[in-house]
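First up is the structure itself, then whatever we jot down about it.
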Amino acid sequence: MATINGKDIHKLVVACDAGMGSSVMLASTLRKQLGKSGVTVEHSPVNSIPADADLVVCHSGLAARARSVAPTKPIVPFQVFLGDPAVTKVVKAIQQGTDINV
């Protein structure tokens, strides 16, 4: 298991199957939560994860595909688009500058 510190995350990408509906909703929520942190939050289709992403969050059903597209990027899988504990941990780590195990 790898670790990334919240202070090292400057660009967070929310990846979903098509990069439209669910990822847009979660990305919007994360932008509001991380607005004061200086982190850029984008949404993307899982097959087009940007090379400059520091961290990728995606539904657990897409995690294997995300890892194959972006093998060097830390991937945080989640189960529920709003209120998932994995996403909450990411937000807290960025806000507090603590480690995230990925």
Side-chain angles (χ1 to χ4, degrees):
M1 186 172 280
T3 301
I4 185 170
N5 190 282
K7 292 181 285 190
D8 297 327
I9 300 169
H10 305 288
K11 183 173 184 176
L12 184 152
V13 173
V14 180
C16 76
D17 205 22
M20 303 284 244
S22 53
S23 64
V24 172
M25 181 176 59
L26 180 56
S28 176
T29 300
L30 288 172
R31 271 187 214 101
K32 290 176 187 171
Q33 293 174 337
L34 298 173
K36 295 180 181 177
S37 68
V39 172
T40 300
V41 179
E42 294 183 2
H43 60 88
S44 168
V46 71
N47 291 333
S48 302
I49 295 170
D52 61 345
D54 295 310
L55 181 71
V56 178
V57 296
C58 66
H59 190 272
S60 58
L62 298 172
R65 194 161 37 153
R67 286 185 182 99
S68 71
V69 171
T72 63
K73 303 297 178 189
I75 309 288
V76 175
F78 62 86
Q79 295 290 323
V80 183
F81 279 93
L82 294 177
D84 191 283
V87 176
T88 301
K89 286 181 184 179
V90 167
V91 171
K92 285 184 180 178
I94 291 170
Q95 291 172 335
Q96 298 171 0
T98 56
D99 288 343
I100 305 166
N101 294 320
V102 293

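What you are looking at is a predicted structure, and each value in this text was computed from that prediction instead of being measured. The basis for the numbers below is simple: all heavy atoms, side chains too, and nothing from hydrogens, waters or symmetry mates.
- Although no hydrogens or angles enter the test, the distance criterion places a donor-acceptor pair under 3.5 Å between the side chain of Lys73 and the main chain of Ala51.
- Here side chain to side chain donor-acceptor pair (under 3.5 Å) pairs that include residues 26-41, with residues two or more places apart or in two chains, number zero.
- In this structure, Val90 and Phe78 have side chains that are not in contact, with every pair of non-hydrogen atoms separated by 4.5 Å or more.
- We find the CD1-NE2 distance between Ile94 and His10 to be 10.0 Å, quoted to the nearest 0.5 Å.
- Side-chain atoms of Asp54 come within 3.5 Å of backbone atoms of Lys11 as a donor-acceptor pair (strictly under, hydrogens ignored).
- Side-chain contact between Pro74 and Ile100 is absent, with no heavy-atom pair separated by less than 4.5 Å.
- Summarising the local packing, NZ of Lys7 is surrounded by 12 or fewer heavy atoms from other residues, nucleotides or ligands at distances under 6.0 Å.
- In terms of heavy-atom proximity, Ser68 sits nearest to Pro71 at O-CD, 3.8 Å.
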Would you tabulate the side-chain donor-acceptor contacts of residues 55-67 under 3.5 Å, counting partners in other chains and residues two or more places apart, or write 'none'?
unit_1 : atom_1 : unit_2 : atom_2 : d
His59  : ND1    : Gly61  : N      : 3.0
His59  : NE2    : Gln79  : O      : 3.2
Ser60  : OG     : Gln79  : NE2    : 2.7
Arg65  : NH2    : Asp17  : OD1    : 2.3

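- Side-chain contact between Leu82 and Met25 is present, with heavy atoms from C-beta onward closer than 4.5 Å.
- Leu30 places a side-chain heavy atom less than 4.5 Å from the side chain of Val91.
- Closest non-hydrogen pair, Ile49 versus Val46, comes out as CG1-O, 3.4 Å.
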